[in-house]
Amino acid sequence: ADDTCFVKEVRFAGKTDLVVQVQEIMDGDYGLYTWPSSSVLAEYIWLHPNEFQGKRVVELGCGTCVAGIVAAKVGAQVTLTDAKEMPRVLRNAKQSCGMNNVECVVQGLTWGSFDFEALTLGPDLAIGADIFFDSSQQDFDDILSTVSFWQCPLLVVYQHRGEGLSSIGDLLERWELVMRTIPLDGLSHAEHSPAELQMFWLEPSAKG
């Protein structure tokens, strides 16, 4: 219900400061809470605008869409995606875009399913915060197959839990992707996070 929503402000410092407002529902789906990884991903985008400006960017598992909103603020053409089975998350994403005066496309997307929505996106790059949440290999496989199909880089901030990414190596080889770690130095949201975070690009491997 709407009365369980509240507005969270996330602040980012840079050449100019930015405040993003998003709606959260604490007792709702995972997607209606802003995880630490989301704020770190958004801060990286805010501090590196040239990597995103003018690009077609798809956010996978957008949740409260903090990172996608910041990408739109720096001039990216953003499509926010989350599970089709979670319409409340998608409605919330549209509302958060309105609260921040950005125009983003919001649509349902099933990882690993090459339906019309996935086929027509064609992003220059994709972003995702804590999308490798489920340690099941199938979940990882579905995400990587989608990114491999698009042949675009994926920027991820990952929160370590349990076995973590131990199973991802073979999948990267299968889908011809390589991992490039990005230091978290200088990202205040990472320095103040209680979670153990890692940021990396997954990129199509160079063809011979």
Side-chain angles (χ1 to χ4, degrees), residues 7-14 16-24 29-83 86 89-109 111 121 123-133 143 146-147 150 152-159 180-184 186-193 195 197-203:
V7 174
K8 175 171 182 168
E9 289 191 347
V10 189
R11 297 176 179 272
F12 303 100
T16 59
D17 293 345
L18 175 68
V19 178
V20 172
Q21 294 184 326
V22 293
Q23 291 191 133
E24 291 189 337
D29 300 304
Y30 288 125
L32 296 175
Y33 172 74
T34 304
W35 297 94
S37 50
S38 300
S39 300
V40 172
L41 178 59
E43 185 178 16
Y44 180 86
I45 294 169
W46 184 241
L47 295 177
H48 300 84
N50 292 340
E51 295 184 33
F52 304 91
Q53 187 175 25
K55 301 285 181 65
R56 293 167 300 165
V57 176
V58 169
E59 183 171 12
L60 299 175
C62 66
T64 59
C65 57
V66 174
I69 288 171
V70 173
K73 288 285 189 183
V74 301
Q77 303 169 40
V78 178
T79 300
L80 303 168
T81 69
D82 214 309
M86 299 170 68
V89 174
L90 298 174
R91 287 196 304 270
N92 196 60
K94 291 179 181 178
Q95 292 169 345
S96 291
C97 288
M99 292 165 57
N100 293 280
N101 299 310
V102 296
E103 292 187 12
C104 301
V105 175
V106 178
Q107 70 178 55
L109 181 70
W111 299 335
L121 278 173
D124 297 311
L125 58 91
I127 58 176
D130 223 9
I131 53 175
F132 296 107
F133 183 85
I143 296 170
T146 301
V147 174
W150 287 333
C152 75
L154 167 64
L155 179 62
V156 174
V157 177
Y158 170 76
Q159 181 172 332
R180 178 166 60 91
T181 300
I182 304 296
L184 296 175
L187 298 177
S188 63
H189 282 273
E191 293 167 2
H192 295 108
S193 171
L197 303 175
Q198 180 181 356
M199 180 164 55
F200 51 86
W201 284 101
L202 297 180
E203 301 166 313

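Starting from 1, each residue takes its place in the sequence as its number. Values reported hereafter were calculated over all heavy atoms of this structure, with side chains retained and with hydrogens, waters and symmetry mates removed.
Within a 6.0 Å radius of CD in Glu103, no more than 12 heavy atoms belonging to other residues, nucleotides or ligands are found.
Looking at heavy atoms from C-beta onward, Trp46 lies out of side-chain contact with Leu187 at the 4.5 angstrom threshold. Between Ile131 and Val156, the closest side-chain pair of non-hydrogen atoms falls below 4.5 Å. In this structure, Ile143 and Leu154 have side chains that are in contact, with non-hydrogen atoms separated by less than 4.5 Å. Using a 4.5 Å heavy-atom threshold, the side chains of Trp35 and Thr64 count as separate. Contact of the Val22 side chain with the Met99 side chain is not registered, since no non-hydrogen atoms from C-beta on lie closer than 4.5 Å.
Gln159 CD to Ser193 OG: the interatomic distance, rounded to the nearest 0.5 Å, is 6.5 Å. Taking CE of Met86 as the reference point, atom SG of Cys62 lies at 9.0 Å (rounded to 0.5 Å). Going from atom CD of Glu203 over to atom CG of Leu125 covers 10.5 Å, rounded to the nearest 0.5 Å. The CG atom of Leu60 lies 13.0 Å from the CG atom of Asp130; values are rounded to the nearest 0.5 Å. Here the straight-line distance linking atom CD of Glu191 with atom CG of Leu197 works out to 11.5 Å at 0.5 Å rounding. Atom NZ of residue Lys8 and atom OG of residue Ser96 lie 12.0 Å apart, to the nearest 0.5 angstrom.
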Q) Would Leu202 and Val147 satisfy side-chain contact (heavy atoms from CB on, under 4.5 Å), going step by step from the backbone distance to the final call? A) CA-CA 9 Å; Leu202 297 180; Val147 174; 5.6 Å; no
(Q) Before you tell me yes or no, could you show the steps for Asp17 and Arg11 under side-chain contact (heavy atoms from CB on, under 4.5 Å), namely the whole-Å CA-CA distance, both residues' side-chain angles and the distance that decides it to 0.1 Å? (A) CA-CA 7 Å; Asp17 293 345; Arg11 297 176 179 272; over 6 Å; no
Q. Going through the checks in order, is the side-chain contact (heavy atoms from CB on, under 4.5 Å) test met by Ile182 and Arg180?
A. CA-CA 7 Å; Ile182 304 296; Arg180 178 166 60 91; 3.7 Å; yes
Q: Take Thr181 and Gln198 through the test side-chain contact (heavy atoms from CB on, under 4.5 Å) and record every step on the way to the result.
A: CA-CA 8 Å; Thr181 300; Gln198 180 181 356; 4.0 Å; yes
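In terms of heavy-atom proximity, Cys97 sits nearest to Ile69 at N-CD1, 4.4 Å. Closest approach of Gln21 to Asn100, counting heavy atoms only: O-ND2, 2.5 Å. Looking at every heavy atom in both residues, Ser39 comes nearest to Phe12 through O-CE2, 3.4 Å. Across Cys104 and Ala72, no two heavy atoms sit closer than the pair SG-CB, 3.8 Å. Of all the heavy atoms in Ala42 and Val66, the pair that sits closest is CB-CG1, 3.6 Å. Contact record, Gln107 with Leu90: O-CD2, 3.8 Å, taken as the closest heavy-atom pair.
Taking the six-membered ring for Trp and the full ring otherwise, His189 and Tyr44 have centroids separated by 6.0 Å or more.
No donor-acceptor pair closer than 3.5 Å links the side chain of Glu9 to the backbone N or O of Val19. The backbone N or O of Gly108 lies less than 3.5 Å from no partner atom in the side chain of Thr81, so there is not a single donor-acceptor pair.
Judged purely by distance below 3.5 Å, without hydrogens or angles, the side chains of Glu43 and Ser188 pair a donor atom with an acceptor atom.
With sequence neighbours excluded, the residues forming a side-chain contact (heavy atoms from CB on, under 4.5 Å) with Ala71 are Ile45, Ala76, Val78, listed by chain and number.
Between Phe52 and Trp201, the ring-plane angle classifies as parallel under the 30° and 60° cut-offs.
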